[in-house]
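Below, read A as the first sequence line, B as the second, and so on, with proteins coming before strands; counting in each chain starts at 1.
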Number of protein chains: 2
Amino acid sequence: MNKTLENFKEYLKRIKKYEQASALISWDLQTAAPKKSLEGKLEALGFFSTEAFRLSTAECYGDMLSELSRPEIFDTLDDGMKVTVRRGYRDFQRFQRVPQDFYTEYVTTSGRSEKVWEEAKLANDFRIFAPSLDKIIAMTKEYVGYMEPDKDPYEVLLDMYEEGMDSVTIDDIFTELKEGLIPLLDKIRAAGRPDLSALEGTYDIDAQKKVQNLLLSYIGFDFDAGGTAESAHPFTATLCRGDIRVTNHYHETHPISSIFSAIHEGGHAIFEQNIDSSLADTAAETVNLMGLHESQSRFYENILGRRPAFWIPIYGKLGGLLPQFKEVPFDTFCRAINDVHPSYIRTEADEVTYCLHIILRYEMEKAIFRDQVPTDQLPALWNDKMEALLGIRPGNDAEGILQDMHWSDGSFGYFPSYLLGSVYDGMFLNQLEKELGNTDTILEEGRILEITAWLEEKIHRYGSMYNSREVIQRVCGCEISARPLLDYFQKKYSRIYGF
Amino acid sequence: MNKTLENFKEYLKRIKKYEQASALISWDLQTAAPKKSLEGKLEALGFFSTEAFRLSTAECYGDMLSELSRPEIFDTLDDGMKVTVRRGYRDFQRFQRVPQDFYTEYVTTSGRSEKVWEEAKLANDFRIFAPSLDKIIAMTKEYVGYMEPDKDPYEVLLDMYEEGMDSVTIDDIFTELKEGLIPLLDKIRAAGRPDLSALEGTYDIDAQKKVQNLLLSYIGFDFDAGGTAESAHPFTATLCRGDIRVTNHYHETHPISSIFSAIHEGGHAIFEQNIDSSLADTAAETVNLMGLHESQSRFYENILGRRPAFWIPIYGKLGGLLPQFKEVPFDTFCRAINDVHPSYIRTEADEVTYCLHIILRYEMEKAIFRDQVPTDQLPALWNDKMEALLGIRPGNDAEGILQDMHWSDGSFGYFPSYLLGSVYDGMFLNQLEKELGNTDTILEEGRILEITAWLEEKIHRYGSMYNSREVIQRVCGCEISARPLLDYFQKKYSRIYGF
């Protein structure tokens with residue numbers, strides 16, 4: 001083996017160790033660490049992330065990347081190493097261009113801004129957050145300006161969270177979605193909401209945890225390569241190869257929440273668990289493609305999990321663990337998990353209005369980055385857009401522009417990936433049905449693991465070897481389109497709401 | 001501040017970070033890691049322990065220690081730094097004398113030997129383990145011979161686990177104990193075992209966990225500075241300042257086991273939680289004094305936890321969580337937790353015969369290190385000693401010499417510290433009663449936290465600032481003696497067994 005390649009691989013393993021330590025400390029902080037250890041944990045987390053960053057920006061690392069990027073060497077690398085060198089060199093060069101002092105200030109400002117956002121949300125007052133938001137917008141523009149001086153800042157941000165994605169593509173997709181979804185939502189609203197009082201009650205938390213384990217096993221989560229814990233908000237964490245964990249949160253009066261969080265995070269985790277072991281220690285092993293990742297969690301949660309057919313083989317088991325469900329007619333349960341109605345908070349939205357929540361944020365981000373709309377005008381703009389898209393107007397900032405934390409730390413450009421995930425799902429569903437047959441039949445017969453095997457074969461095993469656009473081309477043989485998702489919504493909800 | 005001192009403190013913090021990562025990975029491995037992550041976790045554990053070791057043996061570290069050890073500087077240090085520099089320099093010099101190649105081979109051999117021991121225990125055949133034991137004995141002698149060339153190897157080992165302890169002291173203490181305990185055990189055996197059939201049954205594991213939480217809170221464990229988990233064997237782990245965790249294991253038919261493991265590990269954890277924050281980042285913050293540490297876990301478990309008075313305020317609560325105890329008369333419960341009888345396995349022994357188990361191991365270690373008894377004669381020697389001390393003879397190696405893992409990785413000299421802990425407890429109990437009054441009265445009145453406060457004030461807060469001999473001198477104002485422990489046993493068991 002080429003000596004530089006050998007050294008490079010050893011160096012990558014070292015970086016991975018620091019990242020692994022950071023991941024475990026961060027997991028521990030969110031699931032188990034007692035409050036008096038907070039300072040000690042954060043200090044350690046800072047230490048290991050800084051070490052990893054230091055190694056990824058060291059001159060010797062850049063020299064190896066430059067050497068391995070020379071065509072006569074690069075062409076001899078295997079696919080995993082090619083993507084590792086390509087992304088590694090791109091990121092190294094991007095970071096090289098960011099002045100050290102500016103970067104430190106940016107990180108500090110983000111951290112402070114998050115705290116101010118928390119305070120503002122609690123006080124329900126955007127004016128508290130406005131100066132921080134102003135600053136973080138300006139600094140984010142400057143930050144990506146250093147990284148990619150010749151590109152439009154918002155394009156750089158979109159590409160950071162979903163490699164290969166751009167606003168022209170997103171504009172097309174989101175416009176089509178908007179035009180289809182607003183009239184659909186009108187019809188759903190006109191049909192009225194179902195009576196869900198049969199679900200009211202108190203559901204034992206320990207039993208909800210057992211339901212989570214049942215669901216995870218059912219959809220194909222491997223407990224020999226992962227585990228579960230409780231946290232403030234559900235998330236999935238990759239602690240190391242063979243250790244992908246999911247968390248959940250539980251509400252005594254709202255078991256549907258932990259049930260669908262379990263399926264959603266399970267989808268993320270199954271993706272990570274199914275990445276082929278031949279990609280170990282390559283960049284393809286890490287999936288930073290947020291849209292693609294979200295497509296897998298949402299495929300399980302929405303495309304599969306909200307179908308009556310999904311529940312036919314296991315509704316009895318659900319009632320075995322949470323006896324209240326024995327009293328809930330199956331049809332009522334299915335109406336409850338597909339109860340579409342406009343609401344203020346994105347994270348509590350159903351699968352249809354969720355799309356409009358994201359479109360709102362995407363339009364806001366373009367207003368900020370392209371139209372330079374002044375910060376003090378943003379809350380009103382948010383409320384206007386909410387009214388136009390969802391037909392409701394937030395009564396205050398906490399249920400309006402202050403609800404999400406993403407902007408407080410500069411994560412502009414992240415939101416669109418949530419919806420792109422659903423758009424990809426419409427396409428994956430089409431293709432799956434072409435190859436495996438009717439989804440409802442597969443689910444009714446309890447053969448969901450055949451779907452997981454299909455997703456593994458087509459998508460999961462490759463990790464982030466290909467970007468989402470390439471994955472769709474490989475799996476579906478065409479360009480990204482919003483049509484399949486719209487068709488899916490139209491067909492599903494016209495049947496449920498009878499129009 | 002002296003520039004060297006400043007650098008030294010920074011350097012120590014760096015070492016601590018690696019140790020903290022190792023501690024967390026190790027905790028995760030034992031409590032949560034799924035089996036497919038084993039390789040990845042062990043690799044990371046190896047990486048961070050090696051980094052910590054590398055830093056603790058680096059030349060620049062030795063230079064700082066040498067500089068800070070110069071009397072004109074050393075005398076200006078505060079007490080915490082004095083003990084840090086003194087121990088740090090001693091350990092640095094010890095390790096410097098160990099040839100690198102030998103050390104690597106020793107570590108590898110220990111690891112391999114542990115596996116062979118496991119295999120031998122499973123096969124119940126000492127002959128499988130004999131060659132490994134032979135090698136590990138020879139290498140351990142060589143290892144400590146490098147570290148302290150002018151000292152007797154077994155003395156070096158004793159001092160490694162209990163600083164300041166020596167075999168002359170232990171000989172005196174253990175001889176006195178043996179002479180007192182063998183006739184006491186004869187009397188107990190003559191009195192016959194109690195009828196404990198009222199305890200038979202199946203006890204819910206989740207409820208046992210709630211009992212553990214109840215007991216931990218009751219004795220003074222701070223859940224804001226710690227937590228719990230399940231593992232194969234109970235242990236206590238210091239993950240970082242403000243995060244001391246305990247584990248437990250649960251048997252459906254034997255709730256007494258998890259109850260007393262909870263109290264035992266709780267004692268270890270309370271000691272660590274109560275170390276004064278002014279000792280942060282000094283060597284005194286780490287308590288490697290195994291005898292002293294064990295004295296605290298055993299004080300809670302045996303001296304307090306096995307007293308009827310301990311249970312008077314909480315027996316009703318125990319029955320609330322594990323309803324079977326409502327049917328067990330209080331007196332029967334108290335007899336069950338003080339059921340003294342000879343048995344083969346140390347970890348299952350009662351507080352009286354436990355002492356003889358340790359004396360047996362101490363005598364075996366002296367036979368190995370002083371009398372050079374050949375390895376193939378050790379099983380018979382073990383069985384002879386067991387017969388002499390406990391009046392029973394193991395029927396096979398698994399319930400004899402193969403039961404403990406300590407020797408397999410070279411931890412000779414560790415066993416005595418378990419019993420020293422109980423010896424110290426006899427003395428602490430005497431002193432506590434002089435200062436606070438009758439223990440039974442305090443416990444009956446539910447004022448156990450006053451005892452925890454006394455232990456904190458007298459012992460815990462100092463961490464390992466003083467060695468056990470010094471602690472006893474400071475707390476009790478006298479030399480170590482076995483008399484108080486013997487008196488405690490005599491008084492307690494003559495009452496229970498009526499002789």
Side-chain angles (χ1 to χ4, degrees), chain A residues 10 13-29 31-51 204-207 209-210 221-229 237-246 269 273 277 280-281 285, chain B residues 10 13-29 31-51 204-207 209-210 221-229 237-246 269 273 277 280-281 285:
Chain A
E10 275 310 303
K13 277 192 184 172
R14 207 179 160 80
I15 297 179
K16 279 251 167 179
K17 294 288 179 298
Y18 289 107
E19 289 172 348
Q20 190 174 330
S22 299
L24 185 58
I25 297 167
S26 172
W27 165 265
D28 189 67
L29 261 170
T31 60
K35 68 178 185 193
K36 289 183 185 171
S37 71
L38 193 63
E39 204 187 322
K41 303 268 174 189
L42 288 176
E43 208 180 282
L45 191 59
F47 175 81
F48 289 111
S49 348
T50 306
E51 288 293 303
D204 182 59
I205 302 284
D206 282 336
K209 290 181 184 175
K210 286 179 184 142
F221 179 86
D222 177 2
F223 276 93
D224 283 339
T228 63
T238 296
L239 298 191
C240 75
R241 204 169 311 135
D243 194 3
I244 318 296
R245 302 203 194 159
V246 294
Q273 288 184 333
S277 61
D281 295 323
E285 193 187 25
Chain B
E10 276 309 304
K13 276 191 185 174
R14 206 177 161 79
I15 297 179
K16 279 251 169 181
K17 293 288 178 299
Y18 289 105
E19 289 172 347
Q20 191 175 332
S22 299
L24 186 58
I25 297 167
S26 172
W27 164 264
D28 188 66
L29 262 170
T31 60
K35 68 178 184 191
K36 289 183 184 172
S37 71
L38 193 64
E39 202 187 324
K41 302 270 174 185
L42 288 176
E43 207 181 282
L45 192 59
F47 175 82
F48 289 111
S49 347
T50 305
E51 287 294 302
D204 183 60
I205 302 283
D206 282 337
K209 290 182 184 175
K210 285 180 184 141
F221 179 87
D222 178 2
F223 276 92
D224 283 340
T228 62
T238 296
L239 298 191
C240 75
R241 203 170 312 135
D243 192 1
I244 318 295
R245 302 202 193 158
V246 294
Q273 287 184 333
S277 61
D281 295 322
E285 194 188 22

Among [options], which residue has the highest count of heavy-atom pairs closer than 4.5 Å to chain B?
options	value
Ala280(A), Gly227(A), Gly226(A)	Gly226(A)
Lys17(A), Lys41(A), Gln20(A), Lys13(A)	Lys17(A)
Ala229(A), Ala21(A), Cys240(A)	Cys240(A)

Open item on the list: What I want to find out is whether Lys35(B) reaches Asp224(A) closely enough, with some N-O distance under 4.0 Å, to be called a salt bridge.
Closed with: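 Looking at Lys35(B) and Asp224(A), the cut-off is met.
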Open item on the list: Do the side chains of Glu51(A) and Arg14(B) get close enough for a salt bridge, i.e. N-O under 4.0 angstrom?
Closed with: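 Yes, charged N to carboxylate O under 4.0 Å.
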Do [X] and [Y] touch side chain to side chain, with heavy atoms closer than 4.5 Å?
X	Y	result
Arg245(B)	Thr31(B)	no
Thr228(B)	Phe223(B)	yes
Glu285(B)	Arg241(B)	yes

Where does [X] contact chain A at under 4.5 Å (heavy atoms): side chain, backbone, both or neither?
X	value
Lys16(B)	neither
Glu43(B)	both
Gln273(B)	neither

